[in-house]
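The structure appears right after this line, and notes come after that.
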Amino acid sequence: MNFEEINGIQTGSGLKVVIYGQEGVGKSTLAASFPGAVFIDCEGSTSRMNVRRLPKPTSWQMFTDEFEYVLNNAQAKGYQTVIVDTFDWAERFALEALCTEHKVSGIEGMNYGKGWEYEKEMIGRFLDRTDRLIAAGVNVVLLCHAITRKTTLPEEMEEFDHWELKLGNKTTNKIAPLLKEWSDMTLFLAFRTNIEAVDDKGKKHKATSCQRVMYTTKTAWWDAKNRFGLPDRLPLAWESIAGIFGPPVAPPLTPAPSVQSPAQQLINNAQTAGIPTETASPAEFEQIYPPNGNTASAPAVSKPAERVQGIPDALADLMQQSNVTAEQIEYVSIDLRHYMAQGMKIQQFPQDYLMYLTTIWDQVLSLIQQNCKDYVPF
């Protein structure tokens, strides 16, 4: 059997990301900035956020079914990232499913600690199935809470606090390693307090400020990793990691095929029948015989389009300059190209998609001119 060698960096696949951190540090907010994000919100933490989300799962079966839904509808609905918020809450569904299957009231009811092994196998199968989403170019992001545990190093005698994924006490040594091994990037989000001395001898200190940061590399105090050469510590902001994901993935907008005018159709029919025709252009024909039957048509009176709020300024400027309305952008994105779901407003479109439109504005404007009858340029 012959195998073809593949060289170079492979692109086009989604990334596997684990994000964990202290309560209120901004895990969901960071995840919402991922391209084409849709949440599977297991604990209701995004109820006050303007994000796309699937129904809150109530069982492990429903949880895994929603992953299948994202896989089957990624292209139609523009899903580029699926986010579990949070995975330690989703773990509860796995434990409930195992207890129901084995007819026990709790996971400890299975003899010889087999319940924890069964859970490890169940979570492992779930992580394996995410490979289909990764292959389809969809990022998979698992959010988790963080917890501190006392630990020691072989070369040290003293205990110290170590931050790690908040999974069940009995499963930490089984499930947490699975997630970290599976991921391309594990980020630890935390509050970093800045301390400065308040006396000349440096014995008294006070806290001066608190920053939100994310750690990308494992230390003795927390778990983290990345395969992209990131600095050990970064500001907690999407811009710190946005370069890993590259430009938004979206099919190019190409103008729809032009429709022949009635005048051109008449000329073509005459030529097909062998009837001699004048060499006048269709535009001249339309001027002599306008479609409405009048010898002259009044120029359309345009009303300047109002500036659209809640979208990137770059796109709002282009729309205002070209007299394009929000409804026309929605028509092109939803009804014409099917990039977004029915009923979505332009303010609900992913920010990276809206910025992508600014890079192909000439094509977008051409589509609007050809397909939106209500479009009137200045």
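Computed from a prediction, not measured in an experiment: that's the story for all the values here. Side chains included, hydrogens not; waters and symmetry mates left out as well; all remaining heavy atoms used.
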- Value for NZ (K345) from CD1 (I334), rounded to nearest 0.5 Å, stands at 8.0 Å
- Rounded distance [0.5 Å steps], CD1 in I311 versus CD1 in I329: 8.0 Å
- Item | Audit row: D184, R227, salt bridge (charged side-chain N to carboxylate O under 4.0 Å, His left out) steps and yes/no | CA-CA 6 Å; D184 297 312; R227 295 171 175 166; 2.8 Å; yes
- Task: Of all the heavy-atom pairs spanning M355 and P312, show the shortest one and how long it is.
- Result: SD-CB, 3.4 Å
- Query: Is it the case that one hydrophobic cluster holds both M62 and V38, taking links as side-chain heavy atoms less than 4.5 Å apart, direct or via other members?
  - Reply: no
- Say whether, by atom type as modelled, one donor and one acceptor occur between the side chain of D128 and the main chain of D131 under 3.5 angstrom. no
- Query: Do you know the tightest heavy-atom contact between S28 and F39?
  - Reply: O-CZ, 3.7 Å
- Message: Parallel, tilted or perpendicular: which one describes the rings of H102 and Y118, with boundaries at 30° and 60°?
- Response: parallel
- Item | D85 bridged to R53 by N-O distance under 4.0 Å | no
- Message: Quick check against the 3.5 Å criterion: does E66 have a side-chain atom that pairs as donor or acceptor with the backbone of F63?
- Response: no
- Does any N or O in the side chain of S366 come within less than 3.5 Å of the main-chain N or O of D362, such that one atom is a donor and the other an acceptor? no
- Query: For atom NZ of K225, is the number of surrounding heavy atoms from other residues, nucleotides or ligands below 6.0 Å larger than 12?
  - Reply: yes
- Donor-acceptor pair, side chain of S322 and main chain of V324, under 3.5 angstrom: no
- Item | F126 ring center within less than 6.0 Å of W60 ring center | yes
- Message: Rounded at 0.5 Å granularity, tell me how far CD in E327 sits from CD1 in I346.
- Response: 9.0 Å
- May I ask you to decide if L127's main-chain N or O and T130's side chain share a donor-acceptor pair within less than 3.5 Å? yes
- Query: Closest approach of L230 and N226, non-hydrogen atoms and distance?
  - Reply: N-OD1, 3.0 Å
- Task: May I ask you to decide whether D223 forms a salt bridge with K218, counting only side-chain N to carboxylate O separations under 4.0 Å?
- Result: yes
- Item | F34/W238 under ring pair (Phe, Tyr, Trp, His ring centres under 6.0 Å): CA gap, chis, key distance, verdict | CA-CA 8 Å; F34 276 65; W238 166 246; 5.0 Å; yes
- Can you check whether L178's main-chain N or O pairs, donor with acceptor, with E181's side chain at less than 3.5 Å? no
- Message: If I take atom CG from residue L167 and atom CG from residue L179, how far apart are they, to the nearest 0.5 angstrom?
- Response: 6.5 Å
- Is the side chain of S240 donor-acceptor paired with the backbone N or O of P235 at a distance under 3.5 Å, no angle test? yes
- Between Y20 and F87, does the ring centre distance come in under 6.0 Å? no
- Message: Treating R149 as the side-chain partner and W163 as the backbone partner, does any N or O pair qualify as donor plus acceptor under 3.5 Å?
- Response: no
- Distance-only, no hydrogens or angles: does the T46 side chain make a donor-acceptor pair with backbone N or O of M49 under 3.5 Å? no
- Query: Crowded around W361 CH2? As in, over 12 foreign heavy atoms under 6.0 Å?
  - Reply: yes
- Item | Main-chain N/O of Q61 paired to T64 side chain as donor or acceptor, under 3.5 Å | yes
- Task: Please answer: with hydrophobic residues joined when any side-chain heavy atoms are less than 4.5 Å apart, are V17 and W89 in the same cluster?
- Result: no
